[in-house]
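What follows is a single structure, and I will ask about it in a moment.
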Amino acid sequence: MAWIAGLFISFSTLPCLPTLTSFHINMVVPTKKAMNQRLASWTLVVGLFVVSCVAELERFEHAGKPDGSLSFLVVGDWGRRGHYNQSQVAFQMGKIGEQLDIDFIISTGDNFYDNGLTGVDDPLFHQSFTDIYTAPSLQKQWYNVLGNHDYRGNAEAQLSPILTKMDNRWLCLRYFVLNAGPEFFFVDTTPFVTKYFTDPEDHVYDWKAILPREKYLNNLLMEVESALGESRAKWKIVVGHHAIKSAGHHGNAKELNIHLLPLLQTYDVDLYINGHDHCLQHISSSDSGTQFMTSGGGSKAWRGDVSWWNPQELKFYHDGQGFMSVEMTPTEVSIKFYDVFGNVLHNWSSSKQLSFAI
């Protein structure tokens with residue numbers, strides 16, 4: 001299936017189309033409701049182009065516990081051969097993982113510093129992952145997304161099944177859906193960020209499977225929206241590397257605010273979980289019920305590099321290392337943030353009523 005726009009067609013008549021500029025194509029958000037929110041006050045003109053749909057997001061199933069509950073840990077920005085307190089964070093993750101009897105672990109990206117992996121035979125995979133997360137409770141499935149530092153190396157190496165053969169905990173894809181009762185939508189956020197293409201700061205990024213960028217991002221957003229629209233899960237969680245709302249060093253990724261945030265709002269996503277900023281934080285939203293959780297404290301953290309947020313929305317900020325835990329039932333979610341010593345720094349919970357079809 002394809003959307004085709006003729007020369008100089010008004011965007012107000014075709015809300016499913018991406019925007020063309022003279023330098024790059026903005027990403028498509030094809031839902032009329034989401035687009036109308038963004039296009040209410042302006043109309044754009046587009047040129048001739050074709051965007052083709054590709055296969056649906058790859059889906060995985062992960063069974064929770066027999067009582068319907070689920071628990072997992074989230075850590076990001078970690079892979080430094082155990083340095084910068086990575087080993088200490090891993091030790092505390094092992095203890096909390098055992099206490100909660102976790103089902104899996106989520107990594108929010110920047111899995112290997114400073115420049116990703118050089119290939120599937122890079123010893124950094126073992127030095128920063130296999131040899132660090134050794135606790136029995138952490139010998140569970142890891143669901144990983146790529147971060148910007150991962151793209152500075154051989155990004156496809158992290159996606160290779162060869163790594164899974166080396167360590168069967170490892171699963172990393174650019175974007176996918178995980179059904180564990182709640183549904184998780186993992187999104188590859190690095191290609192959204194324009195500065196990595198226009199101002200790479202002497203870094204080399206592995207864009208082999210990304211170019212042409214506009215087609216990749218259009219397809220990604222169409223697939224994510226399709227999956228969110230079809231979801232009947234009680235809880236919906238989106239995971240990416242970059243922050244939509246952050247008081248940390250990097251702050252908000254403006255491209256995600258433009259292109260991904262409307263989907264979270266339209267489809268009532270409960271949690272957006274990210275890394276990138278090397279801190280722990282919880283930001284609520286005055287525009288929707290989505291909660292924004294940053295877990296990027298897996299190793300090196302910044303000190304004092306904070307842009308303080310609206311205090312009505314900034315519920316918690318920790319300028320240091322740590323991780324978060326999530327416990328869920330069909331009707332409740334409970335989140336805790338831990339520091340490098342295993343202390344609980346912040347907790348948040350919410351509940352929903354079960355609905356029954358008549």
Side-chain angles (χ1 to χ4, degrees), residues 71-113 128-129 131-138 140 142-145 147 149 237 239 241-243 245-251 271-284 291-309 311 313-328 333-350:
S71 59
F72 57 95
L73 303 181
V74 183
V75 65
D77 304 84
W78 41 268
R80 297 182 185 272
R81 295 184 174 88
H83 302 311
Y84 295 98
N85 285 339
Q86 183 194 359
S87 294
Q88 287 84 344
V89 172
F91 176 74
Q92 297 299 336
M93 288 174 62
K95 293 175 61 177
I96 301 302
E98 182 177 1
Q99 292 174 18
L100 301 182
D101 187 21
I102 59 170
D103 298 285
F104 54 82
I105 299 97
I106 288 175
S107 169
T108 58
D110 277 2
N111 305 317
F112 301 100
Y113 284 96
S128 292
F129 178 63
D131 298 342
I132 300 299
Y133 301 100
T134 56
S137 68
L138 303 183
K140 305 289 178 68
W142 283 61
Y143 296 103
N144 309 276
V145 294
H149 281 265
I237 301 170
V239 179
H241 179 63
H242 294 78
K245 293 180 182 290
S246 174
H249 172 82
H250 292 298
L271 303 174
Y272 178 74
I273 298 174
N274 63 273
H276 195 46
D277 270 328
H278 296 187
C279 62
L280 306 174
Q281 64 181 323
H282 171 201
I283 296 177
S284 65
Q291 305 293 316
F292 299 87
M293 307 287 184
T294 296
S295 184
S299 59
K300 186 177 181 179
W302 300 302
R303 304 301 294 176
D305 197 352
V306 181
S307 299
W308 290 109
W309 198 271
E313 292 190 344
L314 183 60
K315 305 303 181 183
F316 163 70
Y317 189 97
H318 175 60
D319 190 15
Q321 293 107 346
F323 60 99
M324 61 181 273
S325 70
V326 184
E327 298 175 86
M328 304 188 74
V333 59
S334 176
I335 293 176
K336 293 183 175 68
F337 288 88
Y338 304 84
D339 66 12
V340 69
F341 304 106
N343 300 312
V344 176
L345 303 178
H346 174 70
N347 59 72
W348 174 85
S349 61
S350 182

Is there a side chain to side chain contact (heavy atoms under 4.5 Å, CB included) between Leu271 and Ile335? Walk through the geometry before answering.
CA-CA 11 Å; Leu271 303 174; Ile335 293 176; 3.8 Å; yes

Which pair of non-hydrogen atoms, one from Ala135 and one from Gly94, has the smallest distance, and what is that distance?
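Shortest heavy-atom separation between Ala135 and Gly94 comes out as CB-CA, 3.6 Å.
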
Flag the pair Met293 / Trp348 as yes when at least one side-chain heavy-atom distance between them is below 4.5 Å, and no otherwise.
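Touching, per the 4.5 Å side-chain cut-off.
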
Using the rule given for side chain to side chain contact (heavy atoms under 4.5 Å, CB included), can you reason through Gln88 versus Gln321, listing the C-alpha separation, both sets of side-chain angles and the distance that settles it, and then say yes or no?
CA-CA 9 Å; Gln88 287 84 344; Gln321 293 107 346; over 6 Å; no

Are Trp309 and Tyr317 an aromatic pair by the rule of ring centers under 6.0 Å?
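Ring centroids of Trp309 and Tyr317 are no less than 6.0 Å from each other.
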
Here's a test for you: under ring pair (Phe, Tyr, Trp, His ring centres under 6.0 Å), which of Trp78, Phe91, Phe323 qualifies with Tyr133?
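The ring pair (Phe, Tyr, Trp, His ring centres under 6.0 Å) with Tyr133 is passed solely by Trp78 among Trp78, Phe91, Phe323.
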
Flag, side chain of Asp277 to backbone of Gly251, donor-acceptor distance under 3.5 Å
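A pair under 3.5 Å: yes.
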
Return the NE2 to CD distance between His282 and Glu313, rounded to the nearest 0.5 Å.
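Going from NE2 on His282 over to CD on Glu313, the span is 10.0 Å.
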
Are His346 and His318 near enough that their ring centres are under 6.0 Å apart?
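No - the distance between ring centres of His346 and His318 does not fall below the 6.0 Å cut-off.
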
Closest non-hydrogen atom pair between His241 and Val145, with its separation
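Nearest pair, atom of His241 first, then Val145: N-CG2, 4.3 Å.
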
Could you state the interatomic distance from CD1 (Ile102) to CD1 (Ile96), rounded to the nearest 0.5 Å?
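Here the interatomic distance stands at 10.0 Å.
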
Please round to the nearest 0.5 Å and tell me the distance separating atom NE2 of His250 and atom NE2 of His242.
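That separation rounds to 7.5 Å.
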
With a 6.0 Å cut-off on ring centres, are Phe129 and Trp142 close enough?
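Yes, close enough.
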
Applying side chain to side chain donor-acceptor pair (under 3.5 Å) as the test, list every pair that has at least one member in residues 92-105; sequence neighbours left out.
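Listed by first then second residue: Lys65-Asp103.
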
Would you confirm whether Thr108, through its side chain, and Asp77, through its main-chain N or O, come within 3.5 Å as a donor-acceptor pair?
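Answer holds: no.
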
Quick check: closest heavy atoms across Asn347 and Val344, and the distance to 0.1 Å?
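Scanning both residues completely, I find the closest heavy atoms to be ND2-CG1, 4.4 Å.
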
Can you measure from CG (Leu73) to CG (Leu138) and round to the nearest 0.5 angstrom?
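With rounding to 0.5 Å, CG (Leu73) is 7.0 Å from CG (Leu138).
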
After noting the C-alpha distance and the side-chain angles of Lys300 and His83, does the key distance pass the side chain to side chain contact (heavy atoms under 4.5 Å, CB included) rule?
CA-CA 8 Å; Lys300 186 177 181 179; His83 302 311; over 6 Å; no

To the nearest 0.5 Å, tell me how far Gln291 CD sits from Ile237 CD1.
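Reported to 0.5 Å precision, the distance equals 12.0 Å.
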
Expected output: side-chain Ser87 to main-chain Gly82 donor-acceptor under 3.5 Å:
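Looks like yes, one N/O pair under 3.5 Å.
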
Any chance you could measure Phe337, atom CZ, to Ser295, atom OG, to the nearest 0.5 Å?
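The distance works out to 6.5 Å.
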
Side-chain donor/acceptor of Gln281 to backbone N/O of Thr294, under 3.5 Å:
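It does not hold such a pair.
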
